[in-house]
Amino acid sequence: MADPKPCEDCQKLVARNRKEERPHDTLEWVGDKLDIGSPVADIGREAEYQCVICGSILVRSAVGMSLGWRFG
């Protein structure tokens, strides 16, 4: 199965890549996961979201080398 093509809202969120940026209305929280790259496990959490429109998985990280939004 091919990867879903991200909708315009998902593409814009990842392109802006600001950690303070709130998820858009069509993103639903999936869960938290450990940021493997974080030197401190307790603060190295990332939140995973899925878009109900396009099915894309987005990850929001507030710490470590991967600050901001990215596709998961």
Side-chain angles (χ1 to χ4, degrees):
M1 185 168 119
D3 290 333
K5 180 176 177 1
C7 66
E8 189 174 330
D9 287 336
C10 288
Q11 290 175 13
K12 286 180 181 178
L13 187 61
V14 171
R16 286 192 298 263
N17 197 25
R18 297 183 190 127
K19 70 175 181 167
E20 320 68 49
E21 187 99 21
R22 295 177 50 104
H24 56 79
D25 293 339
T26 62
L27 284 180
E28 290 186 344
W29 179 76
V30 175
D32 291 328
K33 64 181 194 171
L34 184 63
D35 180 0
I36 303 301
S38 176
V40 183
D42 289 344
I43 63 168
R45 299 233 177 248
E46 299 179 321
E48 190 172 72
Y49 294 83
Q50 184 167 24
C51 181
V52 297
I53 301 298
C54 68
S56 293
I57 301 290
L58 280 80
V59 177
R60 180 184 190 185
S61 179
V63 295
M65 298 298 291
S66 56
L67 292 173
W69 289 93
R70 67 181 188 281
F71 289 107

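- Counting side-chain heavy-atom gaps under 4.5 Å among Ile, Leu, Val, Met, Phe, Trp and Tyr, the cluster of Ile53 also holds Val52.
- Qualifying side-chain contact (heavy atoms from CB on, under 4.5 Å) partners for Glu48, counting only residues two or more places apart in sequence or in other chains: Val30, Lys33, Ile57, Val59.
- Every residue was checked against the salt bridge (Lys or Arg N to Asp or Glu O under 4.0 Å) condition with Glu28, not counting sequence neighbours, and none meets it.
- The CG atom of Asp9 lies 8.5 Å from the CG atom of Leu27; values are rounded to the nearest 0.5 Å.
- Distance NZ/Lys12 to CZ/Arg16: 7.0 Å, rounded to 0.5 Å.
- With contacts defined as side-chain heavy-atom distances shorter than 4.5 Å, the pair Cys10/His24 qualifies.
- The shortest heavy-atom contact between Lys5 and Gln11 is NZ-NE2, 3.7 Å.
- Between Ser56 and Cys7 the shortest side-chain heavy-atom distance does not fall below 4.5 Å.
- Between the side chain of Trp69 and the main chain of Glu21, a donor-acceptor pair closer than 3.5 Å is present.
- At a threshold of 4.0 Å, the pair Arg70-Glu46 counts as salt-bridged, since one of the basic side-chain nitrogens sits closer than that to a carboxylate oxygen.
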